[in-house]
A.B. asks: 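There's a structure below that I have some questions on.
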Amino acid sequence: MSERGRTTTDAAEPPAHGDRVDSATEAFVTHRNLLFTVAYEMLGSAADAEDVLQETWLRWVNVDLATVRDQRAYLVRIATRQALTRLRTLGRRKESYIGPWLPEPLLTAPDVAEDVELADSVSMAMLLVMETLGPTERAVFVLREVFDLAYDEIAEAVGKNHAAVRQIAHRARAHVAARRPRDVVSPADTRAALAAFQRAVETGDLQDLLDVLAPDVVLLSDGGGLKQAVPRPIVGAGKAARLLTAGLSKFAVRASVEPVQVNGHPGLILRLNGEIDGVVAMRVEDGLITGLYYVRNPEKLSRVEQETALSR
């Protein structure tokens, strides 16, 4: 199966050559979901996170484990360094990306939603906020705020000294706080907004849609140049509602909508003729939808048919 078709965080099968490799494999398997989550939160791409796991394994298998005091911290350090390198490459790729770029959505299990901090950190809205950080700031923020690593451990991972990491963490925390949703929204409120949105989409009722959209809602659609999508952000409830009702009315007979858990939050999978056409995630504040994210790029939809395990 191709890298994009994987739905687990498995790395390449290690060579069987002795107890050292067996011990390395056991440690890697124990922490692989954590490592995937670190890489995914830094990159917003499951396919690239899988590549980071591969690269992490190749380096880890050659480490003398007798010299490793904390295997978890050591593995996180390797994965972070590999993710930082890939993040800088991704930044160049995004500059030539066609239309808005959205994170690759993940179908997640209920246990992700139950961990409020983890669910918040992998939400589409938060991943988009983290896109506004520089690579090192993003790494420091993820490792400190989500995974609660000590500053010394983070310093080793990003190649900075302790004092510099503390400053970067403070700066990143303030940057994110100014842009993240103001309050933590309960799953029940999100489900209610999502259900109202689903009814409005299925009935094509413009007023019902307007009732659930915030006046300043932002609609982003990612087709990656492979599927038709809105080429730039749409701002405002009226514009977003008219665009949605006009676009979806063309497919009403052939379309079906399935509620699912996307990145730890309620979302929707839209199917046309039984095939996945796209995934809808949203940002909800005060009971209204303030952000709508519609991923149609087929290269980003391989992770919404089976659940992906995340941990911290």
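Residues take their numbers from the sequence shown, with the count starting at 1.
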A.B. asks: Is any side-chain heavy atom of Leu84 closer than 4.5 Å to a side-chain heavy atom of Met42?
C.D. replies: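 A side-chain contact exists here, since the closest heavy-atom pair is under 4.5 Å.
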A.B. asks: Any carboxylate oxygen within less than 4.0 angstrom of a Lys/Arg side-chain nitrogen, looking at Glu41 and Arg312?
C.D. replies: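 Salt bridge absent between Glu41 and Arg312.
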A.B. asks: For atom NZ of Lys160, decide whether the heavy atoms of other residues, nucleotides or ligands shown that lie under 6.0 angstrom number more than 12.
C.D. replies: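 Counting neighbours around NZ of Lys160, 12 or fewer heavy atoms of other residues, nucleotides or ligands fall under 6.0 Å, so no.
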A.B. asks: Please lay out, stage by stage, how Phe28 and Val61 fare under the test side chain to side chain contact (heavy atoms under 4.5 Å, CB included).
C.D. replies: CA-CA 9 Å; Phe28 188 86; Val61 75; over 6 Å; no
A.B. asks: Using the rule that Ile, Leu, Val, Met, Phe, Trp and Tyr join whenever any side-chain heavy atoms are under 4.5 Å apart, tell me whether Val230 and Val217 fall into a single cluster.
C.D. replies: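 Linked within one cluster.
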A.B. asks: One pair to check against side chain to side chain contact (heavy atoms under 4.5 Å, CB included): Val142 and Met130. What are the steps and the verdict?
C.D. replies: CA-CA 9 Å; Val142 167; Met130 287 196 286; 3.7 Å; yes
A.B. asks: Does Pro100 reach the side chain of Arg232, with side-chain heavy atoms less than 4.5 Å apart?
C.D. replies: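 Pro100 does not reach Arg232 side chain to side chain.
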A.B. asks: Using side chain to side chain contact (heavy atoms under 4.5 Å, CB included), reason through Leu213 and Met282 one step at a time and then give a plain yes or no.
C.D. replies: CA-CA 11 Å; Leu213 298 179; Met282 58 184 59; over 6 Å; no
A.B. asks: Checking Asn62 side chain against Leu58 main chain: does a donor-acceptor pair fall under 3.5 Å?
C.D. replies: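 Checking the backbone N and O of Leu58 against the side chain of Asn62, a donor-acceptor pair under 3.5 Å is found.
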A.B. asks: In terms of hydrophobic clustering (I, L, V, M, F, W, Y; side-chain heavy atoms under 4.5 Å; direct or indirect links), are Val29 and Tyr74 co-clustered?
C.D. replies: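 No, no single cluster joins them.
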A.B. asks: Using atom types as modelled and distance alone, determine if a side-chain donor or acceptor of Lys300 lies under 3.5 Å from a backbone N or O of Asp222.
C.D. replies: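 No; zero donor-acceptor contacts below 3.5 Å.
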A.B. asks: Verify the cluster assignment for Leu220 and Trp101: are they in a single hydrophobic cluster under the rule of side-chain heavy atoms below 4.5 Å apart?
C.D. replies: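 Hydrophobic grouping puts Leu220 apart from Trp101.
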A.B. asks: Using the rule side-chain contact (heavy atoms from CB on, under 4.5 Å), only one of Glu137, Glu145, Arg138, Met126 pairs with Val176; which is it?
C.D. replies: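 One option only clears the test, and that one is Met126.
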A.B. asks: Say you draw a straight line from CG of Leu53 to CD1 of Ile78; how long is it, rounded to the nearest 0.5 Å?
C.D. replies: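 Reported value, rounded in 0.5 Å steps: 11.5 Å.
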A.B. asks: Is it true that Arg179 and His175 share a donor-acceptor pair across their side chains at a distance under 3.5 Å?
C.D. replies: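 Looking only at side-chain atoms, Arg179 and His175 do form a donor-acceptor pair, the distance falling under 3.5 Å.
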A.B. asks: Could you measure the distance from the CD atom of Glu307 to the OG1 atom of Thr108? Nearest 0.5 Å is fine.
C.D. replies: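 Here the interatomic distance stands at 7.0 Å.
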A.B. asks: Take the angle between the ring planes of His162 and Tyr151 and call it parallel below 30°, perpendicular above 60°, tilted in between.
C.D. replies: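 Because their plane-to-plane angle is over 60°, the rings of His162 and Tyr151 count as perpendicular.
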A.B. asks: Within a radius of less than 6.0 Å around CD of Glu275, do more than 12 heavy atoms belonging to other residues, nucleotides or ligands occur?
C.D. replies: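 No - once you tally the heavy atoms of other residues, nucleotides and ligands closer than 6.0 Å, there are 12 at most.
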A.B. asks: Any side-chain heavy atom of Asp208 sitting closer than 4.5 Å to one from Val212?
C.D. replies: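 The answer is no, as the side chains (C-beta and beyond) never meet within the 4.5 Å cut-off.
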A.B. asks: For the atom pair CG (Leu194) and CZ (Arg191), what is the distance rounded to the nearest 0.5 Å?
C.D. replies: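 Result: 10.0 Å between the selected atoms.
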A.B. asks: With no hydrogens and no angle check, is any side-chain donor or acceptor of Asp286 less than 3.5 Å from a backbone partner on Leu288?
C.D. replies: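 A pair under 3.5 Å: no.
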A.B. asks: Counting only heavy atoms from other residues, nucleotides and ligands, does the tally under 6.0 Å from NZ of Lys239 exceed 12?
C.D. replies: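 Atom NZ in Lys239 is not crowded, with 12 or fewer foreign heavy atoms closer than 6.0 Å.
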A.B. asks: Do the side chain of Arg296 and the main chain of Gln228 share a donor and acceptor less than 3.5 angstrom apart?
C.D. replies: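 Here the side-chain-to-backbone pair exists.
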A.B. asks: For Ile289 versus Leu292, what's the shortest heavy-atom pair and its separation?
C.D. replies: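 Result for this residue pair: CG2-CG, 3.8 Å.
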A.B. asks: Given side chains that start at C-beta, do those of Val260 and Val304 come closer than 4.5 Å, heavy atoms only?
C.D. replies: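 They are not in side-chain contact.
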A.B. asks: Please evaluate residues Arg242 and Leu206 with respect to the criterion side chain to side chain contact (heavy atoms under 4.5 Å, CB included), reporting the C-alpha separation (whole Å), side-chain torsions for both, the decisive distance (0.1 Å), and the verdict.
C.D. replies: CA-CA 7 Å; Arg242 286 191 293 273; Leu206 181 62; 4.2 Å; yes
A.B. asks: Would a single hydrophobic cluster contain both Ile98 and Leu226, if residues Ile, Leu, Val, Met, Phe, Trp and Tyr are joined by side-chain heavy-atom contacts under 4.5 Å?
C.D. replies: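 Leu226 does not cluster with Ile98.
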A.B. asks: Mind listing the closest non-hydrogen atom pair of Leu243 and Leu219 along with its distance?
C.D. replies: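 Answer, listing the atom of Leu243 first, then Leu219: CD2-CD2, 3.6 Å.
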A.B. asks: For the residue pair Phe36 and Tyr40, categorise the inter-ring angle as parallel (less than 30°), tilted (30 to 60°) or perpendicular (more than 60°).
C.D. replies: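 Answer is parallel, since the angle falls under 30°.
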A.B. asks: For Tyr293 and Asn263, does a side-chain donor sit closer than 3.5 Å to a side-chain acceptor?
C.D. replies: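 No, Asn263 and Tyr293 have no side-chain donor paired with an acceptor closer than 3.5 Å.
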A.B. asks: Does some side-chain heavy atom of Arg93 sit less than 4.5 Å from a side-chain heavy atom of Asp48?
C.D. replies: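 Yes - at least one pair of side-chain heavy atoms lies under 4.5 Å apart.
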A.B. asks: For the side chain of Glu104 and the backbone of Ala47, is there at least one donor-acceptor N/O pair under 3.5 Å apart?
C.D. replies: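 Looks like yes, one N/O pair under 3.5 Å.
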A.B. asks: With hydrophobic residues grouped by side-chain heavy-atom distances under 4.5 Å, do Leu301 and Tyr97 end up in a single group?
C.D. replies: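 Leu301 and Tyr97: separate clusters.
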A.B. asks: Using modelled atom types and a 3.5 Å cut-off, is there a donor and acceptor pairing between side-chain atoms of His265 and backbone atoms of Ala119?
C.D. replies: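 Yes: the side chain of His265 pairs with the backbone of Ala119.
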A.B. asks: Can you check whether Glu50 reaches Gln54 side chain to side chain, under 4.5 Å on heavy atoms?
C.D. replies: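 Glu50 vs Gln54: side chains apart.
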A.B. asks: For Asn297 and Gly224, work out which heavy atoms get closest and say how close.
C.D. replies: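 Result for this residue pair: ND2-CA, 3.6 Å.
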A.B. asks: Between Glu156 and Arg81, which heavy-atom pair has the shortest distance, and what is it?
C.D. replies: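 Answer, listing the atom of Glu156 first, then Arg81: O-NH2, 2.7 Å.
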A.B. asks: Can you tell me how far apart CG (Leu75) and OG1 (Thr80) are? Round to the nearest 0.5 Å.
C.D. replies: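 Between atom CG of Leu75 and atom OG1 of Thr80 there are 10.5 Å.
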A.B. asks: Can you tell me how far apart CD (Glu26) and CD (Gln71) are? Round to the nearest 0.5 Å.
C.D. replies: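 Those atoms lie 8.5 Å apart.
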A.B. asks: Measuring from atom CG of Asp211 to atom CZ of Phe197, what distance do you get when rounded to the nearest 0.5 angstrom?
C.D. replies: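 The CZ atom of Phe197 is 13.5 Å from CG of Asp211, to the nearest 0.5 Å.
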A.B. asks: What are the two closest heavy atoms between Pro103 and Val295, and how far apart are they?
C.D. replies: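 It is O-CG2, 3.9 Å.
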A.B. asks: Quick one, Leu106 and Val262 - any side-chain contact, counting heavy atoms below 4.5 Å?
C.D. replies: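 Of all side-chain heavy-atom pairs linking Val262 with Leu106, none is under 4.5 Å.
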A.B. asks: How far apart are the closest heavy atoms of Ile234 and Ala240, and which atoms are they?
C.D. replies: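 For Ile234 versus Ala240, the nearest heavy atoms are CG2-N, 3.8 Å.
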A.B. asks: Okay, side chain of Thr37, backbone of Leu310: is any donor-acceptor separation there less than 3.5 Å?
C.D. replies: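 No.
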A.B. asks: Are the side chains of Leu244 and Tyr294 in contact, using a 4.5 Å heavy-atom criterion?
C.D. replies: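 No; the side chains remain at least 4.5 Å from each other.
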A.B. asks: Using a 6.0 Å cut-off, check whether atom CD of Glu117 has over 12 heavy atoms from anything other than its own residue.
C.D. replies: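 Atom CD in Glu117 is not crowded, with 12 or fewer foreign heavy atoms closer than 6.0 Å.
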